[in-house]
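Below is one structure; the comments refer to it alone.
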Amino acid sequence: MTRRRTPRNSVIRLTTGHAARTLNHPFPRREPVLALDFGATSVLVTTGGPVTVEDLEFARQLAREAHRFARSVERSFYGLPDGQGVAA
């Protein structure tokens, strides 16, 4: 992950649970939308117009970090250590 260039102004914590889900909406004639639903709160991730190389790079970074998050959650669920030097 790259270093932040600007400080955070605020943080919103959305926790998973019974009502949490993710949905990809690959619209055929417009930009795709990734919906992160947390009960009554939804976060929509999309591009600002026609897809650019920066959008593609962000989507790949998002997928990479989501995979790492899933691995960490899985290891935590099974009571396994996670971190540097721990085999996947």
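Starting from 1, each residue takes its place in the sequence as its number. Note that this is a predicted model, so its numbers are computed, not measured.
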Which Ile, Leu, Val, Met, Phe, Trp or Tyr residues join [X] in one cluster when any pair of side-chain heavy atoms under 4.5 Å counts as a link?
X   : value
V53 : none
V11 : none
F38 : I12, L14, L34, L36, V43, V45, F58, L62

message: Tell me every residue that passes side-chain contact (heavy atoms from CB on, under 4.5 Å) with F77, counting only those two or more places apart in sequence or in another chain.
response: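 Testing F77 for side-chain contact (heavy atoms from CB on, under 4.5 Å), a comparison that skips the adjacent residues, returns none.
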message: Using the side-chain contact (heavy atoms from CB on, under 4.5 Å) criterion, which residues pair with R13? Sequence neighbours excluded.
response: T15
task: Could you tell me which non-hydrogen atom of P26 sits nearest to which non-hydrogen atom of P32, and how far apart they are?
output: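 Shortest heavy-atom separation between P26 and P32 comes out as CA-CB, 4.3 Å.
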- prompt: Which atoms form the tightest heavy-atom contact between L44 and A35, and what is the distance?
  reply: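 Smallest heavy-atom distance, with atoms named: CD2-CB, 3.6 Å.
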task: Kindly state each residue pair satisfying side-chain hydrogen bond (donor to acceptor under 3.5 Å, both in side chains) with at least one member in residues 41-50, sequence neighbours excluded.
output: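 Checked against side-chain hydrogen bond (donor to acceptor under 3.5 Å, both in side chains) - neighbours excluded - the pairs reaching residues 41-50 are D37-S42.
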- request: Determine which pairs satisfy side-chain hydrogen bond (donor to acceptor under 3.5 Å, both in side chains) with at least one residue from residues 25-35, sequence neighbours left out, and list them in order.
  value: none
field: Atom pair OG (S72) and NE2 (H67), whose distance is rounded to the nearest 0.5 Å
entry: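 So the gap between those two atoms works out to 9.5 Å.
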Residues in side-chain hydrogen bond (donor to acceptor under 3.5 Å, both in side chains) contact with E54, at least two apart in sequence or another chain: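 Here the qualifying residues are T52.
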F27 atom CZ, neighbour heavy-atom count above 12 within 6.0 Å: yes
- prompt: Does a side-chain N-to-carboxylate-O contact under 4.0 Å join E65 and R68?
  reply: yes
